[in-house]
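Below, chains carry the letters A, B, ... as their sequence lines are ordered, and counting in each starts from 1.
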Amino acid sequence: MAVLTSAPRGTQDLLPDISGKWRFAEEKLLETAALYGFREIRTPVFEHTELFQRGVGDTTDVVQKEMYTFQDKGGRSVTLRPEGTAGVVRAALQHGLLGGALPLRCCYLIPCFRYEKPQAGRLREFHQFGAEVFGPSSPDADAELIAFCAALFERLGITGLSLHINSIGCPACRRRYHEALRAFLAERADRLCGTCRERMEKNPMRVLDCKSPVCQEAVTGAPVMLDYLCEECAGHFSGLRERLDMLGIAYTVDPKIVRGLDYYTKTVFEFVSGAIGAQGTVLGGGRYDGLVEELGGSPTPALGFAMGIERLVMQMESSGCAFPEDRLYDIYLAGMGGAGRREALRLCGDLRQEGVRAGCDCMDRSVKAQMKYADKTGALYAAVLGESELEAGECTLKSLRGGEARTVRLEGLADTVRTLLDENKN
RNA sequence: GUGGGUAUGGCGCAGUUGGUUAGCGCGCCAGGUUGUGGCCCUGGAGGCCGUGGGUUCGAGUCCCACUAUCCACCCCA
């Protein structure tokens, strides 16, 4: 393998031609977040390994086999963050944020790292937009958070996602449910596939969405988590549904949603796409009322979500979103001869100062080649600066979209172009 | 970690039952207009045919291994 000329497995370069799409999405996300009261928080890319072991959960796949963990030169074990929530909670505790005005709402746009086998929509370095809310225990907060997610998609012009919700209860009702489910499965163990027989003990809920038709068959009529919720959890869940109905947010209750991170309690939800491959979960989140305490804070209810930016952009492409044009130049100045070239360079500075994207040749190319280049880059206008024009203090301004040309004074060129661009916008 | 597909210039592909200098489209560069884009024409640069073995007089073409990549399981965003 060409080590020097190929990126590490599971990583991706964001080339200039598409970085604009990402920036468009990111700006839209942050802007919408502000509307909902979220401000950005930035935490380190790596944290103490223990944070994730405690926060995400020692028994999860993420912690057990997917973390980028290494010793730094001081002998500390640090880990590239595999998700965003743990670091945010840590920062909130470290700086006493939870002692301030609650609810505390913050969001983030970050790279995350998981050592997985790459696949469509799944990379080893991937990017998340996430948001967390600390303080409220009421389902009002759950509904508002989900409404926020829906607004993000709507404002990005994304269609084709469906919302699935579920409640996995609190630790107490989950324990009761697991017992009942294990008992049910034990009676049918002989009809389950090998992996499911193993899963029965460790994580019986996973058996429920085994893809094997045999297991599906054997599992029909299995107890449902929702029937085992304690009074409080059940009330919370029906409260959430009422509010979603009230807000006009469509959803389906999907008892199969089981988050693979230990910290989730009560509400869990996903926005799922059918159009971007097997890794169709664009956004996933839920409540994690026990996490703050688990990490050493005083008990604080909390909830949040994260979405995968790679998957988000895939979905935007598949739903035909209108990305803004990311053009290199508004105007390209083609200079001829020494004087013309120098004048082009000087004028570019003026134009840029006026906020006009301007460019000129620095490759000693012929006027023809300069024009070709201008056209290829998608410039709106080209101006030719030749001897005769310069003598007259003018240049030829040509539209590269229509083709019409006119003669324009060099003096005040920036204003002229600015005006043309503004007219063009409308 | 487990399966399956694929690996030929920057990108997308052809390469017939293994046989002389590996092609095509797009892109790139230059020219066709002593000073001008998009169409067209001409020319040019660019590939040890993923890597390493093997079979053979001879391999891009057959066999094996490795690596990468894609898709799926698993898991998650």
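C75(B) atom P lies 18 Å from atom CE of M67(A), rounded to whole Å. In this entry the distance linking CD1 of I257(A) with P of A77(B) reads 11 Å, nearest Å. One interatomic measurement links the two molecules: CG of L152(A) to P of A77(B), which rounds to 16 Å at whole-angstrom precision. Look at CG on L123(A): it is 12 Å from C1' on U69(B), rounded to the nearest Å.
Electrostatic pairing of R401(A) and E325(A) counts as a salt bridge here, judged by a charged N lying under 4.0 Å from a carboxylate O.
Scanning atom types as modelled, one donor and one acceptor separated by under 3.5 angstrom connect the side chain of D375(A) and the base of G37(B). Side-chain to base pairing of K376(A) with G38(B): no donor and acceptor N or O lie closer than 3.5 Å to each other. E66(A) contributes no side-chain N or O that forms a donor-acceptor pair with the base of C74(B) under 3.5 Å.
Nucleic acid contact for S273(A): none, since no nucleic acid atom lies under 4.0 Å from a heavy atom of the residue. Within 4.0 Å (heavy atoms only), A306(A) reaches sugar-phosphate atoms of the nucleic acid but no base atom. Contacts of A382(A) with the nucleic acid, taken as non-hydrogen atoms under 4.0 Å apart, are absent. Nucleic acid contact class of L283(A) (heavy atoms, under 4.0 Å, all strands): sugar-phosphate only. At a threshold of 4.0 angstrom between heavy atoms, the contacts of G285(A) with the nucleic acid are absent. V384(A) comes within contact range of at least one nucleobase, with a heavy-atom separation under 4.0 Å. Using a 4.0 Å heavy-atom distance criterion, T60(A) is classed as making no nucleic acid contact.
Within residues 20-30 of chain A, no residue approaches RNA chain B, by heavy-atom distance under 4.0 Å. For the segment residues 361-373 of chain A, residues with any heavy atom less than 4.0 angstrom from an atom of RNA chain B are, sorted by number, R365(A), V367(A), K368(A), M371(A), K372(A). Residues from residues 310-336 of chain A with heavy atoms under 4.0 angstrom of RNA chain B, sorted by number: R311(A), M336(A).
For residues 14-26 of chain A, every residue pair satisfying the side chain to side chain donor-acceptor pair (under 3.5 Å) rule, not counting sequence neighbours, is listed here: K21(A)-E317(A). Applying the side chain to side chain donor-acceptor pair (under 3.5 Å) test to residues at least two apart or on different chains, the pairs with a partner in residues 142-169 of chain A are E31(A)-R155(A), T32(A)-R155(A), R105(A)-E144(A), D142(A)-T267(A), D142(A)-R287(A), S162(A)-H164(A), H164(A)-D254(A). Residue pairs meeting the side chain to side chain donor-acceptor pair (under 3.5 Å) criterion with at least one member in residues 375-388 of chain A, sequence neighbours excluded: Y381(A)-N424(A).
Every ring-ring contact (aromatic ring centres under 6.0 Å, His included) that Y373(A) has, sequence neighbours left out, goes to Y332(A). Annotation: side chain to side chain contact (heavy atoms under 4.5 Å, CB included) contacts of D58(A) (sequence neighbours excluded): Q53(A), V63(A). Looking at residues two or more places apart in sequence or on another chain, you find a side chain to side chain contact (heavy atoms under 4.5 Å, CB included) between L345(A) and C360(A). The ring-ring contact (aromatic ring centres under 6.0 Å, His included) check on Y228(A) picks up Y177(A), with sequence neighbours excluded.
Checked against a 6.0 Å centroid threshold, the rings of F46(A) and F113(A) do not count as neighbours. Within the 6.0 Å centre-distance limit, the rings of F153(A) and F271(A) are counted as a close aromatic pair.
Comparing the P positions of A45(B) and C57(B) gives an interatomic distance of 37 Å, to the nearest angstrom. A68(B) and G50(B): their P atoms are spaced 16 Å apart (whole Å). Nucleotides G5(B) and G19(B) have their P atoms positioned 25 Å apart, rounded to a whole Å. Rounded to the nearest Å, the gap between the C1' atom of G18(B) and that of G25(B) is 27 Å. G15(B) sits 7 Å from G23(B) when the C1' atoms are compared, rounded to a whole Å. A gap of 8 Å separates the C1' atoms of A22(B) and C49(B), to the nearest Å. Remark: the separation of the C1' atoms in G12(B) and C28(B) is 16 Å, to the nearest Å. Comparing C70(B) with G32(B), their C1' atoms are spaced 44 Å from each other, to the whole Å.
Nearest nucleotide to the side chain of A120(A), out of A72(B), G35(B), C75(B): A72(B).
Residue F269(A) forms a side-chain contact (heavy atoms from CB on, under 4.5 Å) with just one option from I257(A), L283(A), L303(A), and that option is L283(A).
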Could you list all N or O pairs between the protein and nucleotides 1-5 of chain B that sit under 3.5 Å apart?
| unit_1 | atom_1 | unit_2 | atom_2 | d |
| --- | --- | --- | --- | --- |
| U2(B) | O4 | K117(A) | NZ | 2.9 |

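Where pairing requires Watson-Crick or G-U contacts shorter than 3.5 Å, the helical stems of RNA chain B with at least three consecutive pairs are B:1-7 with B:67-73, B:10-13 with B:23-26, B:28-32 with B:40-44, B:50-54 with B:62-66.
Toward the 5' end of RNA chain B, the nearer of the two residues E387(A) and K65(A), judged by each one's closest nucleotide, is E387(A). Where T11(A) and Q128(A) each meet RNA chain B at their nearest nucleotide, the meeting point lying more 5' is that of T11(A).
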